Amino acid sequence: MKISYNWLRQYIDITQTPAEVAALLTNSGLEVEGIEEWQSLKGGLKGIVTGEVLECAKHPNADRLSVCKVDTGNGDVRQIVCGAPNVAAGQKVVVALPGAVLYPTDGESFEIKKSKIRGEASEGMICAEDEIGLGHSHAGIIVLPAETMVGIDAAGIFGVETDYILEIGLTPNRSDATSHIGVARDLKAILSLKKPTTLNRPDVSAFKTSDKQCPIKVNLKDTSACQRYSGIYINNITVKESPQWLQNKLKAVGLRPINNVVDITNFVMLETGQPMHAFDAARISGNQINVQQLPSGTVFKTLDGFERKLNGTELMICNDKEGMCMAGVFGGMDAGVSDATTAIFLESAYFNPVSVRKTARLHGLHTDSSFRFERGADPEATLYSLKRAALLLKEIGGGEIA
């Protein structure tokens, strides 16, 4: 299981290095098997700084090249040959110094070296966005705002985040540590042996509902396989790309961002250990959610596009006509959130570990959700996690909690 060092620091005051935190956790029973540096942009823009083009003249031996004098800070003025059509004197630009390794958006990495280009010395490179992995444009060099200071690291300009990821070999009995708050709780206990340490869980006291009624009715038909089912209806929501901070959180621990709704459910799962699922409310036929089994032989199409034949033992989340989700394991193709979604029903439940394990193994579906439910999620976490997710959705997606 991957745990972000930066993420842990949101819940607990840590002065220890990642290596020291890893040692503390290992000694407490959460064995850290490795530490990996992660950067939101590959290479972290190391060796890349801001500069100012002082002079720009036509290359004497090449019509499409320019010879520039570039100030890269602290009186360091370099001659750089540039092929961009938009380079001009007076611009603030992004400069890769000799020794910097660039990771283009498309293509192999390469190192910047001092060289001669068509007979003229070049001591660096003025960069376009695709050349340093910031985007796909190669129309010209990046031109920074005129007020940009010269000689500062480009990583700070573009908000490149550096993190350390702890790989924890989680044993089956440690379901309490399947989240960042869970790991932070262990760390708090260790650090409190020397001085009092506080665990700061996100505040959900601002949660409140409108006076509108939830149009979705929940029928819990199997109270053995599902011992607690919680849900919230949120309308007037805008499905869009998640903000960069949220994308970075997910990418750091190996998850691919999808959209703000799905990303928030994944974020809260990684934060609290409570898996969640969002349904497009418009696709809940009959405005009913039925938690039940379906007859053996029923064909159910999962999110990965495969049609799976049920054997009748799987707990399913259904509408009044068909299944929408394998409870605690995997969502269905036809009820998920899309760009056209304007209202969602957000599920936060406690599913029996044995039921989830059997379904996951039967269909070969081992997901982040089943990983946690199989080990025994916390039934008391469903409401807190639901409120946390709803507040984030309201903040990021502009929804109204009904």
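The structure presented is a predicted model; accordingly, all values stated were derived computationally and were not measured. Both backbone and side-chain heavy atoms feed into the values below; hydrogens, waters and symmetry mates do not.
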Shortest non-hydrogen pair, Tyr5 vs Gln16, comes out as OH-O, 2.5 Å
Could you tell me the separation between the CD1 atom of Ile112 and the CD atom of Glu123, rounded to the nearest 0.5 Å?
13.0 Å
Do Leu310 and Met326 have side-chain heavy atoms sitting under 4.5 Å apart?
yes
When you check the side-chain N and O atoms of Lys249 and Gln244, is any donor under 3.5 Å from an acceptor?
no
What pair of heavy atoms forms the shortest contact from Gly328 to Ser369, and how long is it?
O-OG, 2.9 Å
Please give me the minimum heavy-atom distance between Gly376 and Pro353, naming the atom from each residue.
CA-CG, 3.9 Å
Report yes or no: does Glu347 contribute a side-chain atom to a donor-acceptor pair with the main-chain N or O of Ser230 at less than 3.5 Å?
no
Neighbour count >12 (heavy atoms, 6.0 Å) for atom CZ, Phe306:
no
Is it true that the NZ or CZ of Arg283 lies under 6.0 Å from the centre of Phe279's six-membered ring and within 45 degrees of the ring axis?
no
Tell me the closest heavy-atom pair linking Phe207 and Ala390, and the distance in Å.
CE1-CB, 3.9 Å
Identify the residue among Ile141, Ile132, Leu102 that makes a side-chain contact (heavy atoms from CB on, under 4.5 Å) with Met125.
Leu102
Check for a donor-acceptor pair, side chain of Asn290 on one end and backbone N or O of Asn319 on the other, with a separation under 3.5 Å.
yes
How long is the span from the SG atom in Cys318 to the CD atom in Gln288, to the nearest 0.5 Å?
11.0 Å
Heavy-atom pair of closest approach, residues Thr382 and Ser348
O-OG, 2.9 Å
Indicate whether the side chain of Ser296 and that of Asn311 have a donor and an acceptor atom separated by less than 3.5 Å.
no
Would you check if there is a donor-acceptor pair between the side chains of Asp222 and Gln293 at a distance under 3.5 Å?
yes
Side chains of Asp130 and His138, donor plus acceptor under 3.5 Å
yes
Any non-hydrogen side-chain atom of Ile126 less than 4.5 Å from a side-chain atom of Val94?
no
Please determine whether side-chain hydrogen bond (donor to acceptor under 3.5 Å, both in side chains) holds for the pair Asp304 and Thr302, giving the CA-CA distance in whole Å, both sets of side-chain angles, and the decisive distance to 0.1 Å.
CA-CA 5 Å; Asp304 55 6; Thr302 46; 2.5 Å; yes
Quick check: Trp7 with Tyr164 (ring centres under 6.0 Å apart)?
no
Under 3.5 Å, is there a donor on one side chain and an acceptor on the other for Glu314 and His363?
yes
Can you confirm whether Glu52 sits close enough to Val70 that some side-chain heavy atom of one is under 4.5 Å from a side-chain heavy atom of the other?
no
Could you give the side-chain donor-acceptor pairs of residues 145-155 under 3.5 Å, partners two or more places apart or in another chain?
| from | atom 1 | to | atom 2 | distance (Å) |
| --- | --- | --- | --- | --- |
| Thr148 | OG1 | Pro145 | O | 2.8 |

Ignoring hydrogens, what is the shortest heavy-atom contact between His180 and Lys2? Give both atom names and the distance.
CE1-O, 4.1 Å
To the nearest 0.5 Å, atom CG of Asp280 lies from atom CE of Met324 at 10.5 Å
Does the salt bridge (charged side-chain N to carboxylate O under 4.0 Å, His left out) test come out yes or no for Lys92 and Asp71, once each step is laid out?
CA-CA 9 Å; Lys92 299 291 179 65; Asp71 180 4; over 6 Å; no
Any side-chain heavy atom of Met276 within less than 4.5 Å of one from Leu346?
yes
Distance, nearest 0.5 Å, that separates CG of Asp163 from CD of Glu36:
10.5 Å
Min side-chain heavy-atom separation Asp13-Leu191 under 4.5 Å:
no
Taking C-beta and beyond as the side chain, do Asn259 and Glu241 meet within less than 4.5 Å on heavy atoms?
no
Surrounding NZ of Lys46 (heavy atoms of other residues, nucleotides or ligands, distance under 6.0 Å), is the total greater than 12?
no
Side chains of Asn260 and Ser242: do they bring a donor and an acceptor to under 3.5 Å?
no
Does some side-chain heavy atom of Leu97 sit less than 4.5 Å from a side-chain heavy atom of Arg78?
yes
Salt bridge (charged side-chain N to carboxylate O under 4.0 Å, His left out) assessment of Lys394 paired with Glu400
CA-CA 6 Å; Lys394 186 175 180 180; Glu400 179 184 27; over 6 Å; no
Using ring centroids (six-membered ring only for Trp), state whether Tyr233 and Phe345 fall under 6.0 Å.
no
Could you measure the distance from the CG atom of Asp263 to the CG atom of Leu246? Nearest 0.5 Å is fine.
5.0 Å
Worked verdict on Asp63 versus Lys58 for salt bridge (charged side-chain N to carboxylate O under 4.0 Å, His left out)
CA-CA 7 Å; Asp63 291 338; Lys58 183 177 174 296; 3.3 Å; yes
Could you please spell out the steps behind the salt bridge (charged side-chain N to carboxylate O under 4.0 Å, His left out) verdict for Arg174 and Asp176?
CA-CA 5 Å; Arg174 291 305 307 271; Asp176 61 297; 2.8 Å; yes
Can you measure from OG (Ser224) to CD (Gln227) and round to the nearest 0.5 angstrom?
6.5 Å
Are the side chains of Ile289 and Asn219 in contact, using a 4.5 Å heavy-atom criterion?
no
salt_bridge(Asp378, Arg372) N-O dist < 4.0 Å
no
Scan side-chain atoms only and decide if Tyr350 and Glu380 contain a donor-acceptor pair under the 3.5 Å cut-off.
no
